[in-house]
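In what follows, a single structure is set out as structure tokens and then discussed.
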Amino acid sequence: MNQLVNKRISGKTMAGAAVAVALGILSLSTFYTVDEGHVGIVKRFGEAQQQVNPGLHFKIPLADQVQKLEIRTRKNVEKLKAATHEQMPVDIDVSINWTVIRSEAFELYRNYGGLDQFENRILDPRLRSAAKDAIARYKAEEIVQNRGQVIGKIEEIVIQTMKEFPVKLDSVQIENLGLPQKYLQSIETKQTEKNLAAAEKHRLERQKLEAMREVNTAEAKRDAEKARADGNAYAITTEAQAESEAIRIKGLAEAEAMQKKAEAINQSPLLVEYVRAQNWDGKMPSTMMGADQNVLWNMQSVKRNP
């Protein structure tokens with residue numbers, strides 16, 4: 001009897017524990033979280049119902065399932081074979097950065113079933129097609145020299161073909177470009193020749209500059225000598241002109257003084273006497289003429305012989 005009671009008690013205990021475990025599991029499956037950089041797509045019995053943002057959410061156990069969708073920037077890389085404008089085969093690795101538009105993530109999931117399916121069915125084929133189309137528009141040399149222009153063309157084409165889809169395309173890059181070895185050698189040879197030509201051109205331009213510098217130095221020296229000679233000649237000429245002008249002015253002054261003196265003498269006989277008196281040395285004349293102006297008397301000898 002006691003064993004039967006114990007079995008019943010033990011059975012009830014196990015049943016209670018099982019119920020508790022079930023309730024615990026049920027309560028845990030009622031709540032879920034969505035991490036940053038993602039959105040949650042809630043499906044009820046397999047049908048997409050709504051989109052939820054990051055955080056803690058409630059769902060109906062057993063009925064609801066949550067599919068998390070990344071909305072951060074993703075990078076896809078495609079390896080493909082293409083041909084240039086001159087039909088040269090190339091191996092190219094092209095990449096694209098893209099992001100799901102948050103507000104349209106629900107539509108993307110409902111139409112394509114997730115990011116992997118969207119990449120495989122929509123994005124990757126269009127990226128490959130755009131890369132082949134762009135590469136075919138350029139010659140191999142242009143692709144090597146103007147990679148940025150080729151990348152721009154790929155980006156332009158792929159954006160045009162993807163504009164109806166709920167994603168944002170950020171950038172396209174050519175990760176790797178494989179050209180035939182013979183062509184690479186020809187490019188290297190051509191570049192070497194260009195470098196040698198550029199070096200020779202630089203050398204010739206340098207020689208030309210040095211020659212011009214020597215010519216300019218000679219011309220400057222010649223101009224300096226000419227300027228110095230012109231300066232000396234000008235100084236001599238100026239000095240001669242000044243001296244000539246001084247002589248002329250002095251002559252005019254003397255002539256004017258003589259003229260005025262002559263006029264003064266003519267106007268005043270006393271002035272003549274005054275001038276004579278100024279010029280007399282204080283000595284009497286030693287000779288004088290006779291009355292008939294034929295006999296010259298020596299006045300000193302007359303005085304000694306009275």
Side-chain angles (χ1 to χ4, degrees), residues 6-80 92-132 151 154-176:
N6 291 334
K7 287 182 179 179
R8 288 179 179 178
I9 294 173
S10 177
K12 289 181 179 180
T13 302
M14 292 178 64
V19 171
V21 171
L23 290 175
I25 293 173
L26 186 63
S27 63
L28 288 176
S29 63
T30 301
F31 299 95
Y32 67 94
T33 59
V34 177
D35 296 333
E36 285 291 347
H38 297 74
V39 294
I41 306 298
V42 180
K43 299 186 295 181
R44 184 163 297 165
F45 300 111
E47 181 182 358
Q49 296 292 320
Q50 63 176 333
Q51 173 181 319
V52 295
N53 292 323
L56 179 64
H57 300 277
F58 170 82
K59 69 177 179 176
I60 300 174
L62 303 179
D64 292 345
Q65 292 181 338
V66 179
Q67 182 71 41
K68 297 178 181 179
L69 201 69
E70 187 178 23
I71 57 173
R72 291 177 296 199
T73 299
R74 296 167 62 92
K75 180 178 181 179
N76 280 37
V77 180
E78 283 295 305
K79 299 179 181 293
L80 57 114
I92 182 172
D93 296 349
V94 60
S95 67
I96 186 168
N97 294 333
W98 66 285
T99 309
V100 177
I101 299 174
R102 179 190 291 267
S103 60
E104 301 183 38
F106 181 78
E107 290 298 324
L108 184 143
Y109 181 84
R110 191 170 63 174
N111 292 331
Y112 304 103
L115 300 184
D116 292 339
Q117 293 88 334
F118 179 79
E119 290 174 342
N120 295 332
R121 293 167 52 191
I122 303 299
L123 180 59
D124 292 345
R126 284 167 171 75
L127 177 60
R128 289 192 296 268
S129 177
K132 290 181 179 181
I151 290 173
I154 296 174
E155 189 170 311
E156 176 186 340
I157 296 172
V158 74
I159 288 176
Q160 180 65 27
T161 59
M162 292 290 296
K163 64 180 181 180
E164 60 181 293
F165 298 98
V167 295
K168 177 185 177 183
L169 305 179
D170 295 326
S171 64
V172 172
Q173 293 296 329
I174 294 178
E175 303 287 344
N176 183 48

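In what follows, every heavy atom counts, from backbone to side chain, and hydrogens, waters and symmetry copies are set aside. Not measured: the values here are computed from a predicted model.
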Are Y32 and V42 close enough that some pair of their side-chain heavy atoms sits under 4.5 Å apart? yes
One should read off an interatomic distance between N120 CG and L115 CG, to the nearest 0.5 angstrom, of 11.0 Å
For F165 and W98: C-alpha separation, side-chain torsions, deciding distance, then whether ring-ring contact (aromatic ring centres under 6.0 Å, His included) applies. CA-CA 11 Å; F165 298 98; W98 66 285; over 10 Å; no
Here the pair of heavy atoms bringing Y112 nearest to Q117 is O-CB, 3.0 Å
Would you compute the distance between atom CD of E104 and atom NZ of K168 and round it to the nearest 0.5 angstrom? 13.0 Å
Closest non-hydrogen atom pair, V34 against G40: CG1-N, 3.9 Å
Rounded to the nearest 0.5 angstrom, the CD1-NZ distance for I92 and K132 is 11.0 Å
Do F118 and V167 have side chains that get closer than 4.5 Å, going by heavy atoms? yes
Tell me whether the count of non-hydrogen atoms from other residues, nucleotides or ligands lying under 6.0 Å of CD in Q65 goes above 12. no
Suppose we screen for side-chain contact (heavy atoms from CB on, under 4.5 Å). Which residues come up paired with D93, at least two apart in sequence or across chains? K79, E175, N176
So do I41 and R110 actually touch side chain to side chain, heavy atoms under 4.5 Å? no
Spatial distance of atom CG (L127) from atom OG1 (T161) [nearest 0.5 Å]: 9.0 Å
Reference residue L169; test side-chain contact (heavy atoms from CB on, under 4.5 Å); the match among L123, T99, N97: L123
Would a distance-only check, ignoring hydrogens and angles, find a side-chain to backbone donor-acceptor pair under 3.5 Å from K59 to K43? no
Output for pair (I151 CD1, I174 CD1), nearest 0.5 Å, gives 4.5 Å
Pair R74 + D116, salt bridge at N-O below 4.0 Å: yes
Are E47 and R44 close enough for a salt bridge, meaning some N to O gap below 4.0 Å? no
Determine, stepwise, if the pair V39 / N53 fulfils side chain to side chain contact (heavy atoms under 4.5 Å, CB included). CA-CA 5 Å; V39 294; N53 292 323; 4.3 Å; yes
Identify the two heavy atoms, one from G114 and one from L69, that lie closest to each other, and give their separation to 0.1 Å. CA-CD1, 4.2 Å
Check P54 against H38 and note the closest heavy-atom contact, atom names and distance. CG-O, 3.3 Å
Working to the nearest 0.5 Å, report the span between CD of E78 and CZ of R126. 13.0 Å
